[in-house]
Amino acid sequence: MRVAVVAEQGEGGWLAEMPANGPGHGVFVRCDDLAEAVAERERSGDIRWVWPDTREVYPCLLRAGVRVARCHDVALVEGLLLSREGRGSDLASLAGAWARMRGTAAPPAVAAAAVTATGQQSLFDPPDPLFPDPRAALTALVSVHADQVRRIAADEHPQRFGLLAAAESAGALAAAEMAFHGLPWREDIHDAILTGLLGPRPVPGLRPARLAALAEAIREAFGGRAVNPDSPAQLLRALAADGVRLPSTRSHVLRGADHPAVPLLLDYKELARLHAAHGWSWLEEWVTAGRFRPEYVVGGVVSGRWATHGGGALQIPRVLRRAVVADPGWVLVVADAAQLEPRVLAALAGDRALAAAAGTGDLYESLASAFGGDRAKAKLALLSAMYGGAGGDAGQLLAVLRRRFPLAAGYVEAAARAGEEGRVVRSRLGRTCPPPSQAWRGITAQADDPESGDDRAGRWLRARGRFTRNFVVQASAADWALVLIAELRRRLADGEHGPQLVFFQHDEVIVHCPLEAADGLAQVVAEVAQEAGRLVFGPTAVRFPVTTSLVACYADAA
DNA sequence: AATGTTGGCGCG
DNA sequence: AAAGCGCGCCAACATT
């Protein structure tokens, strides 16, 4: 049973029952307290809630203490469908889909941005301004949903695409719940780390003591010349004045240079970045009451990986993981998929030799024999195949890979070819990469003139080849991870006092869990990982091992 | 003064 | 040792 939901301004809303697989709907029912109505229905049975946008509705439900098992997020599903149909995602909203169905003008992109801009929202945001009243929005919702169900069924692999739509929607639920629970974050520990590395917190605008001292030492190393170490241009000029000419001030470039300022600069850059990106201002802005609450953007990356908006949740520096500590009586269950992308490639390509290697704990180790017993070479060969690398030994190793694992090599090379030819490629579950831009078509349309030595068209061609080559693997890995999150969420007991998903980063998940409920959770994660493999890839010899640690502190995870 | 771009680096 | 893919965010710098 599916139930369409539209929230009113205030606490009320409208509901309509719908069949899962076709058009039509029951009577429109108004309720004064939408959260209560949803909770009651949720208890009564197996419902998939159909709503315009999880980000607008679900946080309000969570605040009211209501958790739902399943939903169909019309905005996210529309995004998946539009990219499959080769269209931009600017119509990926209920209003946009409704306008497209009726052939009317596209609405301005609004709702979601408005929520983040103000940072606050009323209990329920008004439905999209395109709709004069909630009944009109509900009418649109029911129609757009039926249209989406039809388009999913029309996919070349409707089962897989249906799973993708369900998993993307479940991801939206998980993301909202993670933001609601928050990642446990000890402000005192964070502050102690900063103070230990940088010195006491300075008045805003000034450098902390340690950075100030380094800046002064750098000035002296340049013979007293005033240099702002934050300015790459000034650094390059100062180095050149001392006879050291560098193409950039990147760390690895600096490391190879011979100048007394180099070690100081390397220290300065590392600490300055910590201060700027995750210093005291970050702590003040993003951590409240012992919780870091990033704003996840489900499907925010073309490959289906999540992005975040604000807080940089997917770039938490390793040194700060010390500050992520479970509450007293609770534990962090940190689960990390091992060597996910090469395993995904093995499953995608149906390469039996590679799948056999991926049926073990350490994929690279079991591949080593094919590369003269050298694990590092096996790893480099796989990474080069997936990323399109060609430097160093990569060419030779790729030749070995091609000979020993022709299906796997052929899979990524076909994807690269498709990209270079301007075609699109899809993940295992059917997420579609964007088509090339007009600029790309223009530049690659005319072949390079070999006389001029200008290789612009070739470079753009190869760049898109690398993108599509990587897309099929990265996006299919994201399919797997999304299904994992959806399955894991389903298996965890809900509620305030049970295990809570609190963090998700591409191939890694953290569950904050009461000690007494942690027993067997590692086993659950392992089972869910295999289940995700089966759901996404069907029967396969490939294993998806997960390294799971039960720790008080994130920094102590394996 | 406000907005956009670049260089650099954090994470997977 | 770095590179090949995907991101977000900062300060500096460029442009309006």
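Protein chains get the first letters and strands the later ones, always in sequence-line order, with residue 1 at the start of each. Only heavy atoms go into these numbers, but all of them, side chains included; no hydrogens, no water, no symmetry mates. What you see is a predicted model, and the numbers here were worked out from it, not measured in a lab.
- Contact annotation for Gln505(A): backbone-only contact, meaning every heavy-atom pair under 4.0 Å involves sugar-phosphate atoms and none involves a base.
- Arg305(A) has a carboxylate O that lies under 4.0 Å from a charged side-chain N of Glu341(A), or vice versa, which qualifies the two as a salt bridge.
- Distance Arg464(A) CZ to dG6(C) P: 11 Å, rounded to the nearest Å.
- Taking atom CH2 of Trp282(A) as the reference point, atom C1' of dG8(C) lies 13 Å away to the nearest angstrom.
- Using a cut-off of 4.0 Å between Lys/Arg side-chain N and Asp/Glu carboxylate O, Glu421(A) and Arg464(A) are scored as not salt-bridged.
- Rounded to whole Å, atom C1' of dC9(C) lies 12 Å from atom CG of Leu314(A).
- As rounded to whole Å, 15 Å separates atom P of dA2(C) from atom CG of Asp393(A).
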Would you tabulate the pairs of protein nitrogen or oxygen atoms and nucleotide nitrogen or oxygen atoms of nucleotides 12-15 of chain C closer than 3.5 angstrom?
residue : atom : partner   : partner atom : Å
dA12(C) : OP1  : Asn228(A) : ND2          : 3.0
dA12(C) : O3'  : Ser231(A) : OG           : 3.3
dC13(C) : OP1  : Ser231(A) : OG           : 2.5

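- Comment: Asp479(A) does not engage Arg160(A) in a salt bridge, judged by the lack of any side-chain N to carboxylate O separation of less than 4.0 angstrom.
- Ring centers of Trp282(A) and Trp185(A): under 6.0 Å apart, within the cut-off.
- Formation of a donor-acceptor pair under 3.5 Å by the Arg489(A) side chain with backbone atoms of Leu173(A) is not found in this model.
- Formation of a donor-acceptor pair under 3.5 Å by the Thr540(A) side chain with backbone atoms of Val542(A) is found in this model.
- Rounded to a whole Å, the CG atom of Asp336(A) is 14 Å from the P atom of dC11(B).
- With distances taken from any side-chain atom of Ser251(A) to the nucleotides dA3(C), dC9(B), dG4(C), the minimum falls on dC9(B).
- When rounded to the nearest whole Å, the span between OH of Tyr296(A) and C1' of dC7(C) equals 14 Å.
- Rounding to whole angstrom units, OH of residue Tyr268(A) and P of dC10(C) are separated by 16 Å.
- Thr308(A) has no side-chain polar atom (N or O) that falls below the 4.0 Å cut-off from OP1 or OP2 of dC7(C).
- Nucleic acid contact class of Phe467(A) (heavy atoms, under 4.0 Å, all strands): sugar-phosphate only.
- Taking 4.0 Å as the cut-off between side-chain N and carboxylate O, Arg219(A) and Glu216(A) count as a salt-bridged pair.
- For Ser248(A), a side-chain nitrogen or oxygen approaches OP1 or OP2 of dG8(B) to under 4.0 Å.
- Remark: P of dC5(C) and CG of Leu382(A) are 17 Å apart, rounded to the nearest angstrom.
- With ring centers used as reference points, His512(A) lies 6.0 Å or more from Phe503(A).
- Using a 4.0 Å cut-off, no side-chain N or O of His278(A) falls inside it from OP1 or OP2 of dC10(C).
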Here DNA chain C, pairs taken as Watson-Crick or G-U under 3.5 Å and shown with ( ), [ ] when crossing and | when to another strand, reads ....||||||||||||
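- At a threshold of 4.0 angstrom between heavy atoms, the contacts of Arg273(A) include nucleobase atoms, whether or not backbone atoms are also involved.
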Would you list the atom pairs, donor with acceptor, under 3.5 Å between side chains in residues 357-368 of chain A and any protein atom, with sequence neighbours excluded?
residue   : atom : partner   : partner atom : Å
Thr360(A) : OG1  : Ala357(A) : O            : 2.7
Thr360(A) : OG1  : Ser366(A) : OG           : 3.2
Asp362(A) : OD1  : Gln339(A) : NE2          : 3.0
Asp362(A) : OD1  : Tyr364(A) : N            : 3.1
Asp362(A) : OD1  : Glu365(A) : N            : 3.1
Asp362(A) : OD1  : Arg375(A) : NH2          : 3.3
Asp362(A) : OD2  : Arg375(A) : NE           : 3.0
Asp362(A) : OD2  : Arg375(A) : NH2          : 3.3
Ser366(A) : OG   : Ala357(A) : O            : 3.0
Ser366(A) : OG   : Asp362(A) : O            : 3.3
Ser366(A) : OG   : Leu363(A) : O            : 3.1

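- Residue Gln315(A) places a side-chain atom within donor-acceptor reach of the base of dG8(C), judged by atom type and a 3.5 Å distance cut-off alone.
- For Lys269(A) and dG8(B), the shortest distance from a side-chain N or O to OP1 or OP2 is not below 4.0 Å.
- Counting non-hydrogen atoms under 4.0 angstrom, Leu340(A) reaches nothing in the nucleic acid.
- Nearest to the side-chain atoms of Glu508(A) among the listed nucleotides dC10(C), dC7(C), dG12(B) stands dG12(B).
- Looking at which nucleotide of DNA chain C each of Gln474(A) and His252(A) is closest to, the 5′-most match is held by His252(A).
- Looking at heavy-atom distances under 4.0 Å, Arg321(A) makes contact with sugar-phosphate atoms alone, never a base.
- For the pair Arg84(A) and Phe161(A), the distance from NZ or CZ to the six-membered ring centre is under 6.0 Å and the angle to the ring normal is within 45 degrees.
- Remark: Arg305(A) is not in phosphate contact with dC7(C), judged by side-chain N or O atoms under 4.0 Å from OP1 or OP2.
- Salt-bridge check for Glu413(A) with Arg402(A): passed, with a basic side-chain N closer than 4.0 Å to an acidic carboxylate O.
- Comparing dA2(C), dG12(B), dG6(C) against the side chain of Arg318(A) picks out dG12(B) as the nearest.
- Residue contacts shown for Gly300(A) are absent, as no nucleic acid heavy atom lies under 4.0 Å away.
- With a glycosidic angle no further than 90° from 0, dG4(C) counts as syn.
- At the heavy-atom level, Val302(A) lies under 4.0 Å from the strands shown only through sugar-phosphate atoms.
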